[in-house]
Undergrad: 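Structure below; questions to follow.
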Amino acid sequence: MEYLIGIQGQDFVLVAADNVAASSIIQMKHDYDKMFKLSEKILLLCVGEAGDTVQFAEYIQKNVQLYKMRNGYELSPAAAANFTRKNLADYLRSRTPYHVNLLLAGYDDTDGPGLYYMDHLSSLAKAPFAAHGYGKRFILNLPSFTVRLIDKEGIHDLEKLTLGAK
Amino acid sequence: MAARYDRAITVFSPDGHLFQVEYAQEAVKKGSTAVGIRGKDIVVLGVEKKSVAKLQEERTVRKICALDEHVCMAFAGLTADARIVINRARVECQSHRLTVEDPVTVEYITRYIATLKQRYTQSNGRRPFGISALIVGFDYDGTPRLYQTDPSGTYHAWKANAIGRSAKTVREFLEKNYTEEAIAGDNEAIKLAIKALLEVVQSGGKNIELAVIRRNQPLKILESKEIETLVTEIEKEKEEEAEKKKQKKST
């Protein structure tokens, strides 16, 4: 299943997406890029219904470029995210909704890094970390990890990795 | 005679004129001059900047506009009409990229603009666009292009051209001075554009706005300082030419 994950850092956003384009049990492509460059500092990650993903993402991409041509400067990540959500919402209650799940990652020169989560029901949330697909199950319920190392000297305890409050 | 045939645009006059289109071309002749030059690795657009009122912000008067990252245009005529045409062209550039996954060629977008203008010469209740446009850019195979459109909807490719007020004077200057060596380098082509404009612009460098596109680079609008430097260079060259001529005469 498709996997999108995004993490916002101090002054960056890190995103990753799997490279598989599958049709039920057949892996059609193993080098498929699910990230769309909206502008110099904005990436849109898009998974979901085959066809809907590329159609919707490219439509948003060209509209963001049109804004840049018309106004001489690029849309901010927040504005791009809201524009995307509005489009998704408009199509949701039409005869042809887009079934896509999105992550939008961007860097605003004044506000800094931003990661936006959007799903096929057109919800929008700015979050420090987010994921779609199997990634969602993994990232949102990270437990703490006991870490040990085994080598020729035996078993060694390493530092415990905890998430949030200890 | 003309009075009965210039009301509705869709009506020909008995001697075959579309008067509204011709009147639109007159409107273009009233607009400030624009000049376009096609170099080898560069395309240059220069416009005469009308002096702004004291309280007016200068940067809101822009006559050279990017249509896409590799194409831009300058116009002469009704600024409001130009805004509409430019907006439609910008949308078409992105639409082309969306459907065909390729940037437009300069000829394609010129044809689109020309078709748009022609449509308005053949429908009821609408008047033609009162602008001529100079469209420059590079195709994705690297060839530089310069096209001109006019209110009738015709378009042609040019090596160098001028539109607007005193366009004839500027064009004659270009016909005399557009040589292989005049456009040999980027700087030479830019200087040729400035020289052509200086023929008709009264107050020199500060009333000229210049933009260039180099191959694989986005549109660059020159700062007034750069233009001033080039104008001084040109004037120096002119003086040196005059000196040489004087010396030749005296010997």
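A note on names: the letters A, B, ... follow the listed sequences, proteins ahead of strands, and every chain is numbered from 1. This is a predicted model, so every value here is computed, not measured.
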Undergrad: Check chain A against chain B and list any donor-acceptor pairs under 3.5 Å.
TA:
unit_1: Lys68(A); atom_1: NZ; unit_2: Glu69(B); atom_2: OE2; d: 2.7
unit_1: Met69(A); atom_1: O; unit_2: Arg90(B); atom_2: NE; d: 3.2
unit_1: Met69(A); atom_1: O; unit_2: Arg90(B); atom_2: NH1; d: 3.4
unit_1: Met69(A); atom_1: O; unit_2: Arg90(B); atom_2: NH2; d: 3.3
unit_1: Arg70(A); atom_1: NE; unit_2: Asn87(B); atom_2: OD1; d: 2.6
unit_1: Arg70(A); atom_1: NH2; unit_2: Asn87(B); atom_2: OD1; d: 3.1

Undergrad: Hey, which residues of residues 93-128 of chain A are touching chain B, say heavy atoms under 4.5 Å apart?
TA: none
Undergrad: Please state whether the side chain, the backbone, both or neither of Leu67(B) comes within less than 4.5 Å of a heavy atom of chain A.
TA: backbone
Undergrad: Please check if the number of heavy atoms outside His156(A) that lie under 6.0 Å from its NE2 is greater than 12.
TA: yes
